[in-house]
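Reading through the structure tokens given below for one structure.
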Amino acid sequence: MSLLSTLTERIQDVENLITAACERSGRKRDEVQVVAVTKYVSVDTVRQVVEQHIVHLGENRWQNAKPKWEALQQLPPSEQPIWHYIGSLQTNKVKDVIGKFTYIHSLDRLSLAQAIAERADKLGITVPCFVQVNVSGEESKQGLTPEAVPEFLRTIRQYPSIKPIGLMTMAPFEAEAEETRPVFRGLRQLRDQINASGILDEPLTELSMGMSNDFTVAIEEGATWVRLGTILVGKEEV
């Protein structure tokens, strides 16, 4: 897929790939949501993305997201996108993010849970969160070890303003996307094990996994959210 393609063409190409992956794995298309990762594109491009009826936008740093978030606040409420924070969240940035980003994909430590809960309580909101898991074990990756996730989920039950809805992981970058399959399968199996254990009042339903280079494999393994940047919205010098 060429970056020289128009935004409309890229969106359609991605849609075709998602549909095919769902068909291969016996899933319904509406089981998979797309988060358009806009960190490498301008405010103008983000506006175009929203005009193409892409509802979910993802950013991984508040300082980069801020001008885009502020620009889109000018839209009527019915046209506002839903923001996802997909990067590592520092506790001192929680005050900037919570209340603006609906979903947090990177909950990975108790200090962050405490900060999110304090901010959410002040705002009177509940924050849907994905617990980030380092399935691959790479030192460069953020996230809890799979073994630590059940106890972490038990611990954050003390914060009713945090609603764990699923798990998130990042696979290693591989030349062949098929090589990422064990990572995605591992996250799905972990979610299913947690649900079977009954440690939560409500089951985890979501899996945030798969990016531009490996999202079709992630869908085949059960992804409910894929985070797509370059392949979907392109890349610019911003």
Side-chain angles (χ1 to χ4, degrees), residues 3 7 10-11 14 32-75 77 79-109 112-113 115-116 119-120 123 125-134 140-143 162-171 173 206-215 218 223-238:
L3 292 181
L7 177 61
R10 288 197 299 273
I11 291 171
V14 165
V32 181
Q33 299 284 336
V34 173
V35 178
V37 179
T38 53
K39 63 180 180 177
Y40 292 127
V41 297
S42 65
V43 171
D44 287 341
T45 298
V46 174
R47 286 196 184 97
Q48 294 173 38
V49 169
V50 174
E51 288 170 0
Q52 292 283 338
H53 308 293
I54 292 179
V55 175
H56 299 277
L57 303 183
E59 288 276 342
N60 69 340
R61 290 183 180 177
W62 168 242
Q63 57 265 42
N64 294 339
K66 185 174 185 285
K68 302 166 190 176
W69 186 88
E70 291 175 344
L72 294 183
Q73 287 301 293
Q74 301 169 15
L75 295 173
E79 298 175 21
Q80 292 280 335
I82 297 170
W83 290 89
H84 296 243
Y85 196 89
I86 61 173
S88 180
L89 180 55
Q90 297 174 324
T91 54
N92 65 349
K93 296 295 183 183
V94 164
K95 65 182 183 301
D96 297 318
V97 170
I98 301 304
K100 300 181 181 72
F101 287 72
T102 301
Y103 293 90
I104 305 299
H105 287 241
S106 51
L107 177 57
D108 62 354
R109 59 198 187 279
L112 179 59
I116 292 173
R119 181 63 176 167
L123 297 175
I125 61 174
T126 299
V127 183
C129 292
F130 294 81
V131 173
Q132 184 168 354
V133 187
N134 185 355
S140 61
K141 294 286 190 294
Q142 302 283 337
I162 292 179
K163 180 178 176 59
I165 61 171
L167 305 177
M168 183 275 255
T169 200
M170 296 177 65
F173 183 88
E206 308 302 318
L207 292 173
S208 172
M209 58 188 194
M211 299 192 295
S212 290
N213 61 306
D214 54 23
F215 70 97
T224 60
W225 295 88
V226 291
R227 311 180 302 273
L228 304 182
T230 305
I231 197 171
L232 182 67
V233 301
K235 184 174 183 179
E236 305 163 359
E237 295 294 331
V238 295

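Keep in mind it's a predicted model, so treat the numbers as computed, not measured. If you read the sequence from its start, that first residue is 1, and numbering goes on from there. Keep in mind that the numbers below use all heavy atoms, side chains included, and drop hydrogens, waters and symmetry copies.
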Just verifying a value: how many Å separate [X] [atom1] and [Y] [atom2], rounded to the nearest 0.5 Å?
X: D108; Y: C129; atom1: CG; atom2: SG; result: 11.0 Å
X: S42; Y: K68; atom1: OG; atom2: NZ; result: 7.5 Å
X: Q74; Y: E79; atom1: CD; atom2: CD; result: 12.5 Å
X: Y40; Y: E59; atom1: OH; atom2: CD; result: 10.5 Å
X: N213; Y: F173; atom1: CG; atom2: CZ; result: 4.5 Å
X: I11; Y: L228; atom1: CD1; atom2: CG; result: 11.0 Å

Quick one: closest heavy-atom pair of [X] and [Y], and the distance?
X: A71; Y: V43; value: CB-CG1, 3.6 Å
X: I231; Y: R10; value: O-CD, 3.5 Å
X: K141; Y: A171; value: CE-O, 3.7 Å
X: L89; Y: R109; value: O-NH2, 2.6 Å
X: L72; Y: R47; value: CD2-CG, 3.9 Å
X: V41; Y: V233; value: CG1-O, 3.6 Å

TODO: Start with the C-alpha gap between V50 and L57, add the side-chain angles, then the distance that decides, and say whether side chain to side chain contact (heavy atoms under 4.5 Å, CB included) holds.
DONE: CA-CA 9 Å; V50 174; L57 303 183; 4.0 Å; yes

Is there a donor-acceptor contact under 3.5 Å from the side chain of [X] to the main chain of [Y]?
X: T224; Y: L207; answer: yes
X: Y85; Y: G58; answer: no
X: T169; Y: V133; answer: yes
X: S106; Y: G87; answer: yes

Task: Among V55, I54, L232, side-chain contact (heavy atoms from CB on, under 4.5 Å) partner for V49 - done: I54

Task: W69 six-ring face occupied by K100 cation (under 6.0 Å, within 45°) - done: yes

- [ ] On the 0 to 90° scale, with breaks at 30° and 60°, tag the F101-W62 ring pair as parallel, tilted or perpendicular.
- [x] perpendicular

- [ ] Evaluate the ring planes of H84 and H56, with Trp represented by its six-membered ring, and classify them as parallel (under 30°), tilted (30 to 60°) or perpendicular (over 60°).
- [x] perpendicular

Task: From CA spacing to verdict: side chain to side chain contact (heavy atoms under 4.5 Å, CB included), V35, Y103 - done: CA-CA 11 Å; V35 178; Y103 293 90; over 6 Å; no

Open item on the list: Can you see whether T45 engages E236 through a side-chain donor-acceptor pair at a distance of less than 3.5 angstrom?
Closed with: yes

TODO: Compute whether any side-chain donor of one residue and acceptor of the other, for W225 and E206, lie under 3.5 angstrom apart.
DONE: yes

Open item on the list: Does I98 form a side chain to side chain contact (heavy atoms under 4.5 Å, CB included) with I104? I'd like the steps, not just the answer.
Closed with: CA-CA 9 Å; I98 301 304; I104 305 299; 3.8 Å; yes

TODO: Apply side chain to side chain contact (heavy atoms under 4.5 Å, CB included) to the pair M170 and M211, showing each step before the final yes or no.
DONE: CA-CA 8 Å; M170 296 177 65; M211 299 192 295; 3.8 Å; yes

- [ ] Assess whether atom NZ of K66 is packed by more than 12 heavy atoms of other residues, nucleotides or ligands within 6.0 Å.
- [x] no

